[in-house]
Amino acid sequence: MSVGMAAPRAPYACDPDRSRGRLFSEAPSRTRSAFRRDCDRVIHSTAFRRLKHKTQVFVFHEGDHYRTRLTHTLEVAQIARAVARQLGLDEDLTETLALAHDIGHPPFGHAGERALDACLEAHGGFDHNAQTLRLVTSLEHRYPEFDGLNLTWETLEGIVKHNGPLTDALGAPVGRYATHGVPFGITEYDRTFDLELSSFASLEAQVAAIADDIAYNAHDIDDGLRAGLFTVDDLKAMPLTQGMITEIDGRYPGLDESRRGAELVRELISYLIGAVVGETEQRLGAVLPKSAEDIRRCGRKLVAFRANAAEAEAGIKAFLWQHMYRHERVMRVMVEAECLVTDLFARYQRAPEDLPAEWLPPEGAEPESDGEQARRIGNFIAGMTDRFAITEHIRLFDSTPELR
């Protein structure tokens with residue numbers, strides 16, 4: 001098979017014609033598969049559009065060429081489809097999960113998430129995967145017959161479990177949720193539409209998850225170079241990128257820094273995609289799954305980097321942590337952003353009349369508990385763009401940090 005050509009549909013790929021369906025029954029589309037319909041619904045959602053002005057690393061007004069959550073998401077989708085195509089998976093489901101994976105993120109990236117998690121600590125905390133599920137199952141109001149987007153079971157499963165099972169077979173939280181438990185928003189919905197939290201997700205979901213890692217490693221290098229936080233030669237500190245840079249310099253002597261960095265990013269993406277496809281094919285060969293259900297029951301993650309690539313990828317993450325995410329310039333802005341989100345949350349709790357009318361309880365409704373009010377405020381803030389959060393802070397407070 002030529003490089004880049006689609007593999008035949010694999011027997012372990014998710015089949016839209018065998019989907020477990022939607023919570024609310026709908027007639028099938030005459031022109032689109034169930035998973036393509038999900039993808040289109042995500043693209044047309046309000047939450048997806050808001051990604052345009054949500055921070056990846058740099059706040060929107062720091063420059064037009066830095067990634068936002070939206071451009072990051074599009075890069076994840078492109079990489080995910082490339083991997084899915086080589087593995088014979090359903091590209092529409094893979095793309096859906098890639099496009100939806102970040103719509104639950106609040107403004108200001110992980111700083112906003114940390115702030116909301118602290119504000120909601122007494123009421124279950126904040127988790128962006130749970131918020132994504134909440135958006136696509138209840139907070140989007142676009143259809144006359146149901147709240148949310150009424151996505152297929154396979155898409156909802158992938159949104160919740162793309163990083164692996166949330167519980168063991170007995171229901172005890174595992175992994176990142178072992179300490180504080182599975183978020184309430186997920187457990188509550190799971191009682192309505194069982195997502196089988198103890199099993200692994202589809203290969204399509206696993207591909208979307210690892211495509212996220214590939215995309216942000218590559219584009220954060222690109223953005224870090226553009227911002228002057230480090231140089232191409234600084235990246236020689238890692239064996240993988242040192243070898244790539246040496247090869248690029250040999251092929252293109254005297255190449256300017258901008259093109260040199262761009263070529264490195266392309267080489268890195270290609271290398272990591274190849275490392276994922278090769279390792280995944282080897283793992284599939286060992287397991288020999290015959291269906292998507294075999295993937296869920298196999299008891300291990302099947303989409304992964306080769307061992308040497310996993311080590312190199314961890315090195316890239318460590319480099320970016322030290323030279324970018326913990327850089328004084330980035331940290332200063334993120335600390336101010338956390339304070340801004342915390343200010344807004346406290347203000348809305350103290351003066352709920354400052355919320356838009358559509359975010360207030362209906363007249364005559366039963367009084368809310370503290371937890372219900374806090375969650376409603378959290379939902380409102382999580383949906384904000386960076387720009388709107390700053391505008392709201394300017395409206396409600398005498399001084400607002402510039403976030404520069």
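None of these values were measured; they are calculated from a predicted model.
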*Asks:* Just distance, no hydrogens or angles: give the donor-acceptor pairs under 3.5 Å from side chains in residues 108-122, sequence neighbours left out.
*Replies:*
from   : atom 1 : to     : atom 2 : distance (Å)
Glu113 : OE1    : His128 : ND1    : 3.3
Glu113 : OE2    : His128 : N      : 3.2
Glu113 : OE2    : His128 : ND1    : 3.1
Arg114 : NE     : Glu338 : OE2    : 3.1
Arg114 : NH2    : Glu338 : OE2    : 3.1
Asp117 : OD1    : Phe126 : N      : 2.8

*Asks:* Please output the side-chain donor-acceptor pairs of residues 11-19 that fall under 3.5 Å, not counting sequence neighbours, one pair per line with the distance.
*Replies:*
from  : atom 1 : to     : atom 2 : distance (Å)
Asp15 : OD1    : Asp17  : N      : 2.9
Ser19 : OG     : Gly21  : N      : 3.0
Ser19 : OG     : Glu154 : OE1    : 2.7

*Asks:* Between Thr231 and Asp234, do the side chains contain a donor N or O and an acceptor N or O under 3.5 Å apart?
*Replies:*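 Indeed, the side chains of Asp234 and Thr231 share at least one donor-acceptor pair under 3.5 Å.
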*Asks:* Going by heavy atoms in the side chains, are Ile103 and Arg69 under 4.5 Å from each other?
*Replies:*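 A side-chain contact under 4.5 Å is absent here.
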*Asks:* Within the structure provided, determine whether His393 and Arg347 are in side-chain contact (heavy-atom separation under 4.5 Å).
*Replies:*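 They are not in side-chain contact.
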*Asks:* Taking the inter-plane angle between the rings of Phe24 and Phe146 on a 0 to 90° scale, is it parallel (under 30°), tilted (30 to 60°) or perpendicular (over 60°)?
*Replies:*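 Geometry flag for Phe146 against Phe24: parallel rings.
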*Asks:* For Tyr252, what residues pass the ring pair (Phe, Tyr, Trp, His ring centres under 6.0 Å) criterion, not counting sequence neighbours?
*Replies:*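 Scan of Tyr252 (ring pair (Phe, Tyr, Trp, His ring centres under 6.0 Å), adjacent residues dropped) gives none.
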*Asks:* Which residues pass the ring pair (Phe, Tyr, Trp, His ring centres under 6.0 Å) test with Phe230, sequence neighbours left out?
*Replies:*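 Phe230 satisfies ring pair (Phe, Tyr, Trp, His ring centres under 6.0 Å) with Phe319 only.
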*Asks:* Strictly below 4.0 Å, N to O, side chains only: are Arg22 and Asp38 in salt-bridge contact?
*Replies:*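 So Arg22 pairs with Asp38 through a salt bridge.
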*Asks:* Tell me the side chain to side chain donor-acceptor pair (under 3.5 Å) pairs involving residues 275-285, sequence neighbours left out?
*Replies:*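 Those involving residues 275-285 are Glu279-Arg283.
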*Asks:* Under 4.0 Å between a Lys/Arg side-chain N and an Asp/Glu carboxylate O for Asp92 and Arg37?
*Replies:*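 Judged by the 4.0 Å cut-off on N to carboxylate O distance, Asp92 and Arg37 do not form a salt bridge.
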*Asks:* Side chains of residues 179-190: which donor-acceptor pairs under 3.5 Å do they make with residues two or more places apart or in other chains?
*Replies:*
from   : atom 1 : to     : atom 2 : distance (Å)
Thr187 : OG1    : Phe184 : O      : 3.0
Asp190 : OD1    : Leu195 : N      : 2.6

*Asks:* To the nearest 0.5 angstrom, please state how far the CZ atom of Arg134 sits from the CD1 atom of Ile159.
*Replies:*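 Arg134 CZ to Ile159 CD1: 13.0 Å, rounded to 0.5 Å.
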